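Chain letters run A, B, ... following the sequence lines, proteins first and then strands; every chain starts at 1. Just so we're clear, the structure is a prediction, and the values are computed from it rather than from any experiment.
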Amino acid sequence: MKAETPKTFDPKIWEQKIYQQWESSGGFKPAIDKKKRPYTIIMPPPNAYDKLHIGHALFVTLEDIMVRYHRLRGEPTLWLPGADHAATASQIFYEKKLRQEGKSRHDLGRERFNDELMQFMLEQRNTMEDQLRRLGASCDWTRKKFTLDEDVSQAVVYTFKKMYNEGLIYRGKRVINWSPKSQTGLSDLEVVHKEVEGELTSIRYPIKGGGEIVVATTRPETMLGDTAVAVHPRDKRYKDIIGKVVVLPLMGREIPVIGDEAVDIKFGTGAVKITPAHDPNDFEMGQRHNLEEVEVIDKNIKITKAGGKYAGMKAAEARDKIIEDLDKLGLIAGRKKFVHSVPHSERTGEPVEQLLSEQWFVKIEPLAKPAIEAVKKGKIKMIPKRFEKVYFNWMENIRDWNISRQLWWGHRIPVYYLESDRSKFAVAFDVQEAEKELGGKVVQDEDTLDTWFSSGLWPFTTLGWPEKTEDFKYFYPTTVMETGHEIIFFWVARMIMLGLYCTGEAPFELVYFNGIVRDKENQKISRSKGNIIDPMEMVEKYGADALRMGMMMGTAAGQDTHVDEDKIRAYRNFANKIWNAARFINIKSPDAKDVTDIKLGAEDKKMLDEFSGVAKDITKLMDKYDIGQAGDKLYQYFWHRFCDECIEEAKLRLEDDKTKDSTGAALNYILKNSLKLLHPFVPFVTEAVWQTLYQEEGLLLTQKWPAS
RNA sequence: GGACAUGUAGCUCAGUUGGUUAGAGCAUUCGGCUUACAUCCGAAAGGUCACAGGUUCGAAUCCUGUCAUGUCCACCA
C-alpha cells in the first residue's frame with residue numbers, strides 16, 4: 001500500500017473480484033483429509049424462487065462465520081448450499097401468478113403446470129444463488145443440491161418404500177385439516193389457532209321416551225352429522241340418561257347417549273354433540289364407541305347428500321337455515337356471543353375445515369422414541385439448551401403425521417393403484433415396477449408429499465444417500481444444523497427422526513437456533529408492516545461486510561436480533577477502519593520484518609502478549625458458538641485498543657530510529673493476524689487488505705488461525 | 001390453560017464463580033481537517049440495573065413474588 005491508495009475501502013471495487021477468486025481457487029471445497037474430522041454444515045435451503053430477505057442474511061452470516069472459522073482452523077470444511085422447491089408456498093405463489101394472467105392451473109394441466117413452475121424455479125434460483133454470493137457465503141457450489149434433483153427424489157421414494165414396508169406409513173381415513181382455498185389437507189403444524197368471536201347455540205335434543213338434553217355448539221350445521229351425544233360418566237345429572245337414545249332433530253335419526261371421560265363436566269350443560277366426521281376429538285371418541293361417521297360437509301364446504309334437505313347449501317347458509325328451522329320447532333335453548341379459537345391455515349389465513357379424508361400417515365411413535373433418546377443422551381445438543389425442553393415436550397405428545405398434500409408441485413406419492421381394482425396398490429419407483437408387481441395397468445396416487453417429508457431427509461440426501469458415496473461416508477453425520485427456532489418441529493424434529501431411522505445415526509451433532517430479525521421498534525420485519533430492509537440494497541450501499549456485522553453484532557443463539565440502517569452504516573465505518581489501519585502500518589513500515597527476526601522492545605512485547613490473549617479469548621468464544629460476543633470483542637479490541645491506543649502510542653516509536661523497526665514488526669504482526677481473526681466476520685475487507693499486503697502467501701481464506 | 005425468553009443510558013447490547021465510583025457502540029452536545037482514516041480523533045452529558053420483598057458484611061448478579069413485553073405449545077362443544 002502506498003500513501004496514494006484510496007483513503008476509503010470501496011466494497012464495489014473489491015467484493016465481486018474477491019468472491020470470484022475465492023470460488024475459482026477451490027477454497028470453498030473441503031480439503032479432504034481422512035485423518036481429520038470434517039466440519040460440515042448443510043445449508044437450510046432457501047426457496048428457489050425467493051429473493052433473499054433479511055432473515056436469510058442472518059443465517060448466511062452466522063453459518064458463514066462458523067464455516068470460515070473452522071476452515072481457518074484447518075478442518076476439512078464443507079458448507080453445502082441448496083435450494084428448496086417449497087411445495088405449498090410455491091404452488092400458491094405460481095397459481096397467483098397465473099391468476100394475474102387470467103389463467104388457472106387447470107388450464108395448463110398437471111404436467112405443464114409443473115414444467116412451467118420448474119422452469120421458473122430454475123431461473124429464479126440463479127438470482128437467489130447470486131445473492132448468496134454477494135453476502136460472501138463461502139459454500140461449495142460444486143456440491144449444490146435442489147430438493148427436486150433426480151437423486152434426491154429417488155431417495156424420497158426409497159424412504160417411502162422402506163417406511164411402508166416396515167409398517168411406518170399407512171393409509172387411513174381421519175379427520176384432517178382441509179384448506180378450501182388451496183384444496184389440500186394440512187398437517188397440524190400448518191394450522192394456527194386464532195381467537196374469533198362466534199356464537200354458541202344451545203339446542204334441545206329430545207330423548208326418546210321423554211325429556212331432553214341440551215347441547216351447545218358453535219357449528220350448528222354439523223348437527224346433521226351427529227351420531228351421538230356424550231356426557232361425562234360420573235356426571236350425576238346424566239347418570240340415568242347414558243345408554244338412552246335421543247332423536248336427532250331435523251334428521252329424525254336415533255343416536256345414543258354415551259359416557260366418555262373426555263367430556264368436560266363444567267362446560268355448558270356438560271353434554272356435547274358428537275360429530276365424528278368433522279371434529280378430530282369427536283372422531284377419536286367415535287373410534288372408542290364404534291360410532292358411525294356421517295360426512296355432511298364436503299371439500300367445497302357445501303352440505304353433502306347426507307345432509308338431507310340442506311344438501312347443496314353452503315355450510316354458512318345451512319347454519320342460518322338450521323337455526324331458523326330449529327327455532328320454529330322450539331328447540332333453540334339459547335344463543336350467545338362466544339369467543340373461541342378457530343383453526344386457520346397458516347399459509348392462506350382462511351379458516352380450515354375439519355373433514356374426514358383418506359390420507360397417508362406416518363406412524364410417528366416408533367420414530368419419536370429414538371429421536372427423544374438421541375437428545376437426552378447428548379448425541380445431539382441444542383444451542384440454546386432450553387430448546388431441548390421445547391423439543392421433548394412436543395415429541396412426547398406427538399401425533400401421527402399426515403404426509404399427503406393435494407398439490408401438484410412436489411414429490412408425488414410413489415403409490416400406484418391397479419386401474420381395474422383400486423384397492424390393490426404398490427409402492428414403486430415408477431410405473432413399470434408397479435405394473436410388474438400388480439400385473440396390470442396402474443395409476444399413480446394424485447397427491448404429493450408434505451414438503452417437510454423430503455426436507456427431513458436433507459442432511460443426507462444432499463450427500464448422496466442412500467448410495468454409500470464417499471461424501472456420505474466422510475461428511476455424515478454432519479456437524480451443525482443452523483436454523484430458526486420457529487421450525488424446530490417442522491424441520492429439526494423431522495430431520496432427527498428420519499435421520500436416525502434412515503441412517504441409524506443422528507444427522508448432526510449440534511443444532512444452533514438463530515432468532516428472528518426485528519427492527520428497532522421491536523417489530524418483526526415483514527412486508528405487510530412495510531419495515532423490510534432489503535439485504536441487497538444494504539450491500540449495495542454499505543458493502544457486504546457492513547451488513548454482516550450489522551446482522552451478527554449483539555446476537556445470541558435463540559435471541560431475537562435487531563437491525564437498522566444506522567447500525568449497518570456504523571460497521572461500514574469499521575471496515576474502513578481496518579483498511580486504514582493497514583494503510584498506516586504499511587506506509588510507515590513497508591518492509592516490516594518478522595517479529596521472530598528482530599529484537600523487540602518492552603512495549604512491543606506487551607502489545608503482542610495482549611494480542612495473543614485476545615486471540616485466545618476469541619477462539620474460546622467461537623468454540624462456544626458465542627458469535628455475537630466474539631464479534632464485539634474483536635471490534636472493541638481492533639478499533640478502540642489496537643488503533644486508538646496501540647497505534648497512537650507507537651507513532652512516537654516509529655519516528656525513532658532505535659525503535660522504528662521493532663515497532664513496525666510488532667504492528668505488522670498484529671495487523672496480519674488480526675485479519676485472520678476478523679476474516680470470518682468481515683471477509684471482504686480483510687481479504688482485500690491481505691491481498692494488497694501479503695499476496696505471496698496466498699488467499700486469506702485458507703490461512704492458519706493464529707490461536708489454538 | 002401450560003412452558004420459555006427478555007426487562008441495565010434515547011437505541012442496540014456487555015457485565016464471567018455476588019466484591020471498589022455499573023461498561024461499550026450508535027445517537028446527542030462540545031472541541032478539533034493532530035504527519036492511516038472527518039466513514040476520523042478527543043471530550044462531555046446521559047442509569048432508582050422493571051418493581052417489591054428476602055439471603056448476605058456486600059446483590060445488576062442468588063431466592064421469592066409482582067408487572068411489562070415477546071415467543072411457543074395445548075385447547076375451548
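A:F681 has its ring centre no less than 6.0 Å from the ring centre of A:Y635. Between A:F490 and A:W452, the distance from one ring center to the other falls under 6.0 angstrom.
In this structure a side-chain-to-backbone donor-acceptor pair under 3.5 Å is missing from A:N177 to A:Q354. Under a 3.5 Å cut-off, the side chain of A:S589 and the backbone N or O of A:I585 do not form any donor-acceptor pair. In terms of modelled atom types and a separation under 3.5 Å, the side chain of A:T269 and the main chain of A:V214 share a donor-acceptor contact. Between the A:R234 side chain and the A:K239 main chain, no donor and acceptor come within less than 3.5 Å of each other. Counting only distance, with no hydrogens or angles, the side chain of A:D260 and the backbone of A:V263 share no donor-acceptor pair below 3.5 Å. Looking at A:R548, its side chain does come within 3.5 Å of a backbone N or O of A:P680 through a donor-acceptor pair. A donor-acceptor distance shorter than 3.5 angstrom exists from the side chain of A:D10 to the backbone of A:K12, with no hydrogens or angles considered.
Set against B:U12, B:A14, B:C37, the side chain of A:Q629 has B:A14 as its closest nucleotide. In this structure, of B:C41, B:C75, B:A36, it is B:C41 that holds the atom nearest to the side chain of A:D644. Residue A:H640 places its side chain closer to B:G25 than to any other of B:A3, B:G25, B:C73. Residue A:K577 has its side chain nearest to B:A36 when only B:C73, B:A36, B:C75 are considered. Comparing B:C13, B:C26, B:G70 by their nearest atom to the side chain of A:H562 picks out B:C13. Side chain of A:E648, nearest nucleotide from B:C4, B:C37, B:C26: B:C37. Taking the side chain of A:K651 as heavy atoms from C-beta on, and the options B:U71, B:A36, B:A5, the nearest nucleotide is B:A36. For A:Q636, the listed nucleotide lying nearest its side chain is B:G25; candidates were B:U39, B:C41, B:G25. Taking only side-chain atoms of A:V390, from C-beta outward, the nucleotide of B:A5, B:U35, B:C72 with the closest atom is B:C72. Comparing atom distances between the A:F489 side chain and each of B:C72, B:C75, B:A14 picks out B:C72 as nearest.
A gap of 8 Å separates the P atoms of B:C40 and B:A27, to the nearest Å. Separation of the C1' atoms belonging to B:G10 and B:U28 is 9 Å when rounded to the nearest angstrom. Distance noted for atom P between B:U8 and B:C62: 16 Å (whole Å). Here the separation of B:G15 from B:U61, taken at their P atoms, is 14 Å to the nearest Å. Spacing between B:U6 and B:C49 at atom C1', rounded to whole Å, works out to 14 Å. Rounded to whole Å, the separation between the C1' atoms of B:A74 and B:U12 comes to 35 Å. Separation of the C1' atoms belonging to B:A60 and B:G47 is 11 Å when rounded to the nearest angstrom. Nucleotides B:G32 and B:G46 place their C1' atoms 23 Å apart, quoted to the nearest Å.
The shortest distance between the side-chain N/O atoms of A:N573 and the OP1/OP2 oxygens of B:C37 is not below 4.0 Å. Using a 4.0 Å cut-off, no side-chain N or O of A:W639 falls inside it from OP1 or OP2 of B:U39.
Counting any heavy atom pair closer than 4.0 Å across all strands shown, A:Y542 reaches no nucleic acid atom. A:N281 comes within 4.0 angstrom of the backbone, heavy atoms only, and of no base. In this structure, A:V263 reaches the bases: a heavy-atom distance under 4.0 Å links it to at least one base atom across the strands shown. If you check every strand for non-hydrogen atoms under 4.0 Å, A:T218 touches sugar and phosphate atoms only. Residue A:R572 is in base contact, counting any heavy-atom pair closer than 4.0 Å across all strands shown.
In this structure, the CZ atom of A:F574 is 15 Å from the C1' atom of B:C26, given to the nearest Å. Atom NE2 in A:H485 sits about 14 Å away from atom C1' in B:A3, given to the nearest Å. Straight-line distance from the CG atom of A:L621 to the P atom of B:G15: 10 Å, rounded to whole Å. Following rounding to the nearest Å, A:F392 (CZ) and B:G2 (C1') show an atom-to-atom distance of 18 Å. One can place CG of A:N580 at 15 Å from P of B:U34, the figure rounded to the nearest angstrom. The CZ-P distance, from A:F387 to B:C72, rounds to 10 Å in whole Å. Atom pair A:W579:CH2 and B:A38:C1' shows a separation of 18 Å (rounding to whole Å applied). Following rounding to the nearest Å, A:K624 (NZ) and B:A14 (P) show an atom-to-atom distance of 12 Å.
A cation-pi contact links A:K376 to A:F392, judged by a cut-off of 6.0 Å to the six-membered ring centre and 45° from its axis. At least one cation-pi condition fails for A:K577 and A:F638: the charged atom is not both under 6.0 angstrom from the six-membered ring centre and inside a 45 degree cone around its axis.
Around atom NZ of A:K651, more than 12 heavy atoms belonging to other residues, nucleotides or ligands sit under 6.0 Å away.
Relative orientation of the A:W394 and A:F489 rings is parallel, given thresholds of 30° and 60° on the angle between their planes.
Contact annotation: side chain of A:K7 to base of B:C37, donor-acceptor pair absent below 3.5 Å. If you check distances only, the side chain of A:K633 never reaches the base of B:A24 with a donor-acceptor pair under 3.5 Å.
In this structure, A:V342 and A:T555 both approach RNA chain B, and ranking their closest nucleotides by distance from the 5' end singles out A:T555.
Proximity of residues 186-201 of chain A to RNA chain B (heavy atom under 4.0 angstrom from any strand atom) is restricted to A:H193, A:E195, A:L200. A heavy atom closer than 4.0 Å to some atom of RNA chain B occurs in A:F267, A:A271, A:V272, these being the qualifying members of residues 265-273 of chain A.
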CA sep, side-chain torsions, deciding dist, call: A:I303, A:I297, side-chain contact (heavy atoms from CB on, under 4.5 Å): CA-CA 5 Å; A:I303 304 297; A:I297 297 171; 4.3 Å; yes
A:S674 and A:K672: CA distance, side-chain angles, deciding distance, side chain to side chain donor-acceptor pair (under 3.5 Å) verdict: CA-CA 6 Å; A:S674 291; A:K672 191 172 174 183; over 6 Å; no
Pair assignment for RNA chain B - dot-bracket with | for other-strand partners, Watson-Crick or G-U under 3.5 Å: (((((((..((((.....[...)))).(((((.......))))).....(((((..]....))))))))))))....
